Amino acid sequence: MADSDEESESTVLLPAIKKVDDPVNVQELAGLRRQVTLLAETLEKMRLAEYIAYLNRPGRLLWFNFLVGLVRGLGTALGAGLLAGIAYFLLKRIVVLNLPVIGGLIAELSKYVNQP
C-alpha cells in the first residue's frame, strides 16, 4: 500500500511535458525570437550599456555636469551681452530720430552707459 501512495504522489508532482513540435509553439517561439532580437537592437541603438557605465562613475558624472553648467553659463552671459549691445545700438538710433519722450529717456540712459 505504501508503494502505491508513493507512485501516485510522484505522478502528481511531475508536470506534464508538452511537445515542442506543436506548430503553435514553433510560431510563438519564432515571434518571441524576433521580438527579443528587436529589443536587443533597440538597446544597442540607445547605447544603454554605455549609459549605465557612465552612471556608475559618479566622479565623471559630476565633472561632466560641472563643465556643462560652465558652458551653459558662459553662453547665457555672452547671449545676454550680445542682445544688450544690439538693444543699445537700436536705442541710439532712436535718439537720432528725435522722438520727444523716448529720445530724452534714451539720451539719459546713454549718458549712464558712457560714464566710466
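All values derive from a computational prediction rather than experimental measurement. In what follows, residues are counted from 1 in the order of the sequence shown.
Not counting sequence neighbours, the partners of I52 by the side chain to side chain contact (heavy atoms under 4.5 Å, CB included) test are L48, N56. Residues satisfying the side chain to side chain contact (heavy atoms under 4.5 Å, CB included) criterion with L82, sequence neighbours excluded, are I86. In this structure, the side chain to side chain contact (heavy atoms under 4.5 Å, CB included) partners of Y88, at least two apart in sequence or on a different chain, are K92, S110, V113, N114. The salt bridge (charged side-chain N to carboxylate O under 4.0 Å, His left out) test applied to E108 returns no partner, not counting sequence neighbours. Every side chain to side chain contact (heavy atoms under 4.5 Å, CB included) that E41 has, sequence neighbours left out, goes to T37, L38.
Cluster membership check: L62 does not share its hydrophobic cluster with V68, using side-chain heavy-atom separations under 4.5 Å among Ile, Leu, Val, Met, Phe, Trp and Tyr. Under a hydrophobic clustering in which Ile, Leu, Val, Met, Phe, Trp and Tyr are joined whenever their side-chain heavy atoms come within less than 4.5 Å, directly or via other members, L55 and F64 fall into the same cluster.
Note that CZ of R33 is 13.0 Å distant from CD of E28, once rounded to the nearest 0.5 Å. In this structure, the separation between CZ on R57 and CZ on R60 is 5.5 Å, given to the nearest 0.5 Å. Taken to the nearest 0.5 Å, the CG atom of L70 stands 5.0 Å off from the CZ atom of F66. Between L67 atom CG and R72 atom CZ the span is 12.0 Å, to the nearest 0.5 Å. Interatomic distance, CG of L43 versus NZ of K45, reported as 11.0 Å (0.5 Å rounding).
In this structure, the side chains of Y51 and M46 stay at 4.5 Å or more apart for every pair of heavy atoms.
Its side chain outside the 4.5 Å cluster rule for every partner, L32 clusters with none of the Ile, Leu, Val, Met, Phe, Trp and Tyr residues.
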